[in-house]
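Everything numeric here is computed off the predicted structure, so don't read it as measured data.
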Amino acid sequence: MGLNLAAKIIKNHLLKGSLAAGSEICINIDQTLTQDSTGTMAYLQLEAMGVGQVKTKRSVAYIDHNMLQEGFENADDHKYIQTVAAKHGIYFSRPGNGICHQVHLERFGIPGQTLLGSDSHTPTGGGLGMLAIGAGGLDVAVAMGQGSYYLSMPEVMGIKLAGKLAPYVSGKDVILEVLKRLGVKGGVGRIIEYYGEGVKNLNVPQRATIANMGAELGATASVFPSDEITRLFLKAQRREADWLPFAADEDACYDENLEIDLDKIEPLAAAPHSPDNVVPISELAGKKVDQVAIGSCTNSSYQDLMTAAAILRGKSVPESVSLVISPGSRQVLNMLAQNGALSDLISAGARILECGCGPCIGMGQAPATGAVSIRTFNRNFFGRSGTKSAQVYLVSPETAAASALAGAFADPRGLGGPVVIEQPEVFEINDNMIIPPSKNPESVNVARGPNIKPFPLNANLPETVAGKVLLVAEGNITTDHIMPSNAKLLPFRSNIPYLSGFCLTPCDPDFPARAVENGGGFIVAGQNYGQGSSREHAALAPLYLKVRAVIAKSFARIHKANLINSGILPLVFENPEDYDRISLLDDLIIENAPEQVKTGLVVAKGGKGAEYQLLLEASENERAMLLQGGKINMIRNEHNKHNKHNKHNEH
Ligand code: MIC
Ligand code: SF4
């Protein structure tokens, strides 16, 4: 029986383990990426581990999230990342060069290679045929230092695509259709692999959009074959030499199967406040919109912005609408400037922002009170836009542009003749904002600003883990709830003590004070706890507040790994009904914790004889990490053992 593409790439990179779904594997990592809001922490950890030059084939540090520079903090972090990158063999993409995922596709991604990134949308690289995975900063730091990454072998879901998209229907509508069918937990523990005749009717940016929002399914990665279309994209980026064909074997099998007929897809929107709350645009048509935002790593490719410009050309957005555009990369923005499309956007009344994440992560452009904001982004979690009362909808660039003109939700199929944007024969290639690593790394002094504070470290797991329940949260709590990110908080990504004062405040404003008052304790939650971002701050801030365990109905993949890396126990209710028996401020106690952690079955005792059976679903390696209080401690212990052994042998 043949192999599917995901299994082939994993097999080519397998260092430990087997392809059996659910077993722990270790794979070789070819490339890494970091962005600034997770990068400062990742590089502090890289330094703490004593890594010299990175072991990967290519590592890139991007600055794209944190660019308002309201005070010295952001600029200091940029300088830190620039110098630490130069010293350790890492390429540096300067602020203004674009969003990590878009620039990585354009300039660095290579079919068939593995990419680990400290950003949950790293799977965007799957659009080029990479196995691209998002992870916490510490895992990326370890991958830079050792060239490898441990994960649980995912199942592979095959989505067979047939047919061709109708005019004004695009990649965004395809992934919204998948989200409608599978939901935000539908991809957990899975790689989503696209195959079938329909694939050749999708260009690389459309594939990248689909792979990007696989993150919203909770998937480990999404992958497309590398074919003639991929070759032409790389050729147009003057990187044809990086191309190799990759596809599943003809007789490949999948653990799960789904079929989608592209012809049948219609323009869709994800309604507030979840990317899987999908409805057809036809149902929303006529509903007034106040803000339209086009951009983000999901939808700001050359083709996306050219399409929006073509729709807006010669027209004006009404006074009731604020249209804002954040281009994905300088390559895209510059090409639009050169061919006149930028002028079409400006003339139509668009507000042009610099190339970066911008409004997608709440860095400016917060909508007005109660406003309806439609965005080409990937997340519409509650409060993420910066305005709690805003109603955020996720749509395609076609729908966004049509609606901007109408001042209301509009089905772009009503626009008339189709807009066809061909891929240029050659993109504008100018890498002068990408700085290669230093040739004399010893001479580089790493610049550290005063906002960079030491990160918290856990200690060995104690015999008894005891404390109060500090919060009982609902299902689908996002990392935006656990560690909110906005223009006021992002500058403090290298300052955990400060950030911890805002931990879980969207769920309960008193959480940080309660945690401090009680000297730490437990968090209890529903399903899919920690969906969303890769930010390990969502584990480090609770660690700083002495949270010892999170007990949930289920966890999102990256956040669970971040908790384990920090030495916080991620425990799952064996009987989900037990969730209803626990109340705020209940006392919980786990006796003989190390012994119980070793078995994976944990009993927490409550008051009045209550007992809760809990599961620790973790590999042997992860259990060892929990016993030693997290990954950094484990690495340090291994180093110390190694050094002792060497010293002993010397004598
Ligand atoms: C996001 O889209 O939520 C972010 C901001 O890009 C995060 C990373 C972060 O929190 O810094 C992500 O997706 O991992
Ligand atoms: Fe940036 Fe938004 Fe993409 Fe996250 S989802 S990397 S904030 S553009």
Problem set entry | Derivation and outcome, side-chain hydrogen bond (donor to acceptor under 3.5 Å, both in side chains), residues T230 and E228 | CA-CA 5 Å; T230 323; E228 187 54 18; over 6 Å; no
For this session: Indicate whether the side chain of T32 and that of S59 have a donor and an acceptor atom separated by less than 3.5 Å.
Result: yes
Problem set entry | Side-chain donor or acceptor of D249 paired with backbone N/O of A252 under 3.5 Å | no
Exercise. So, the side chain of K172 versus the backbone of V395: is there a donor-acceptor pair under 3.5 Å, distance only?
Worked result: yes
Exercise. Can you name the closest pair of heavy atoms from T479 and R535 and give their distance?
Worked result: O-NH1, 3.3 Å
For this session: Go through S274 and R379 one step at a time and tell me if the side-chain hydrogen bond (donor to acceptor under 3.5 Å, both in side chains) criterion holds.
Result: CA-CA 7 Å; S274 180; R379 289 185 172 146; over 6 Å; no
Exercise. Do L5 and F246 come within less than 4.5 Å of each other through their side chains, counting heavy atoms only?
Worked result: yes
For this session: Verify, without hydrogens or angle tests, whether R330 (side chain) and V103 (backbone) share a donor-acceptor contact under 3.5 angstrom.
Result: no
Exercise. OH of Y149 to CG of D139: how many Å apart, nearest 0.5 Å?
Worked result: 5.0 Å
Exercise. Within the distance-only criterion (no hydrogens, no angle test), does the side chain of N299 pair as donor or acceptor with the backbone N or O of F377 below 3.5 angstrom?
Worked result: no
Problem set entry | Nearest non-hydrogen partners of I421 and A310, listed with the distance | CD1-CB, 4.5 Å
Exercise. So does D344 pair up with K315, basic N to acidic O under 4.0 Å?
Worked result: no
For this session: Step by step, work out the side-chain hydrogen bond (donor to acceptor under 3.5 Å, both in side chains) result for Q31 and K57.
Result: CA-CA 6 Å; Q31 301 194 340; K57 291 188 180 129; over 6 Å; no
Exercise. Quick one: CG on L353 to CD1 on I294, what's the gap to the nearest 0.5 Å?
Worked result: 11.5 Å
Exercise. Rounded to the nearest 0.5 Å, how far apart are CD1 of I10 and OG of S18?
Worked result: 11.0 Å
For this session: On the 0 to 90° scale, with breaks at 30° and 60°, tag the H104-Y62 ring pair as parallel, tilted or perpendicular.
Result: perpendicular
Problem set entry | Donor-acceptor contact present, side-chain Q146 to main-chain A143, <3.5 Å | no
For this session: Could you tell me whether the side chains of R58 and Q113 share a donor-acceptor contact shorter than 3.5 Å?
Result: no
For this session: Please assess K160 against Y254 for the test side-chain hydrogen bond (donor to acceptor under 3.5 Å, both in side chains), listing each intermediate value before the final yes or no.
Result: CA-CA 11 Å; K160 186 173 180 182; Y254 296 94; over 6 Å; no
Exercise. Using a distance-only test with no angle check, is there a side-chain donor-acceptor pair under 3.5 angstrom linking S93 and N97?
Worked result: yes
Seminar exercise, completed: One should read off an interatomic distance between Q291 CD and S385 OG, to the nearest 0.5 angstrom, of 7.5 Å
Problem set entry | Worked check of salt bridge (Lys or Arg N to Asp or Glu O under 4.0 Å) between D276 and K180 | CA-CA 5 Å; D276 63 355; K180 184 171 94 183; over 6 Å; no
For this session: Identify whether the distance between the nearest side-chain nitrogen and carboxylate oxygen of K164 and D261 falls below 4.0 Å.
Result: no
Exercise. For the side chain of N4 and the backbone of C253, is there at least one donor-acceptor N/O pair under 3.5 Å apart?
Worked result: yes
For this session: Please say whether more than 12 non-hydrogen atoms of neighbouring residues, nucleotides or ligands are located less than 6.0 Å from CD in E240.
Result: yes
Exercise. So, D242 side chain and G109 main chain: donor-acceptor pair closer than 3.5 Å or not?
Worked result: no
For this session: Answer yes or no: is there a donor N or O on one side and an acceptor on the other, between the side chain of Q331 and the main chain of E428, under 3.5 Å?
Result: yes
Exercise. For the atom pair CE (M144) and CD1 (I90), what is the distance rounded to the nearest 0.5 Å?
Worked result: 5.0 Å
For this session: Return yes if some donor-acceptor pair links the side-chain N/O of N476 with the main-chain N/O of N528 below 3.5 Å, else return no.
Result: no
Exercise. Any chance CD of E197 has more than 12 other-residue heavy atoms, nucleotides or ligands included, within less than 6.0 Å?
Worked result: no
Exercise. Between SG of C297 and CD1 of I99, what distance do you get to the nearest 0.5 Å?
Worked result: 6.0 Å
Problem set entry | Aromatic ring proximity Y393/F409, centre distance under 6.0 Å | yes
Exercise. So, D30 versus T114: side-chain donor-acceptor pair below 3.5 Å or not?
Worked result: yes
Exercise. With no hydrogens and no angle check, do the side chains of H121 and E216 hold a donor and an acceptor under 3.5 Å apart?
Worked result: yes
Exercise. For R181, does the CZ atom have more than 12 heavy-atom neighbours from other residues, nucleotides or ligands under 6.0 Å away?
Worked result: yes
Exercise. Going by distance alone, is a donor N or O of one side chain under 3.5 Å from an acceptor N or O of the other, for Q531 and T478?
Worked result: no
For this session: Spell out, as yes or no, whether a donor-acceptor pair under 3.5 Å connects the side chain of T122 to the backbone of L115.
Result: no
For this session: Heavy atoms only: give me the nearest P111-L244 pair and the separation to one decimal.
Result: CB-O, 3.8 Å
Problem set entry | H101 and its side chain to side chain donor-acceptor pair (under 3.5 Å) partner, picked from N212, T298, D119, D64 | D119
For this session: Report yes if some heavy atom in the side chain of F224 is under 4.5 Å from a heavy atom in the side chain of L202; otherwise report no.
Result: yes
For this session: May I ask you to decide whether R107 forms a salt bridge with D431, counting only side-chain N to carboxylate O separations under 4.0 Å?
Result: yes
Problem set entry | Summary of ring-ring contact (aromatic ring centres under 6.0 Å, His included) pairs that have at least one residue in residues 226-245, sequence neighbours excluded | F233-F427
Exercise. More than 12 non-hydrogen atoms from neighbouring residues, nucleotides or ligands closer than 6.0 Å to CD on Q338, yes or no?
Worked result: yes
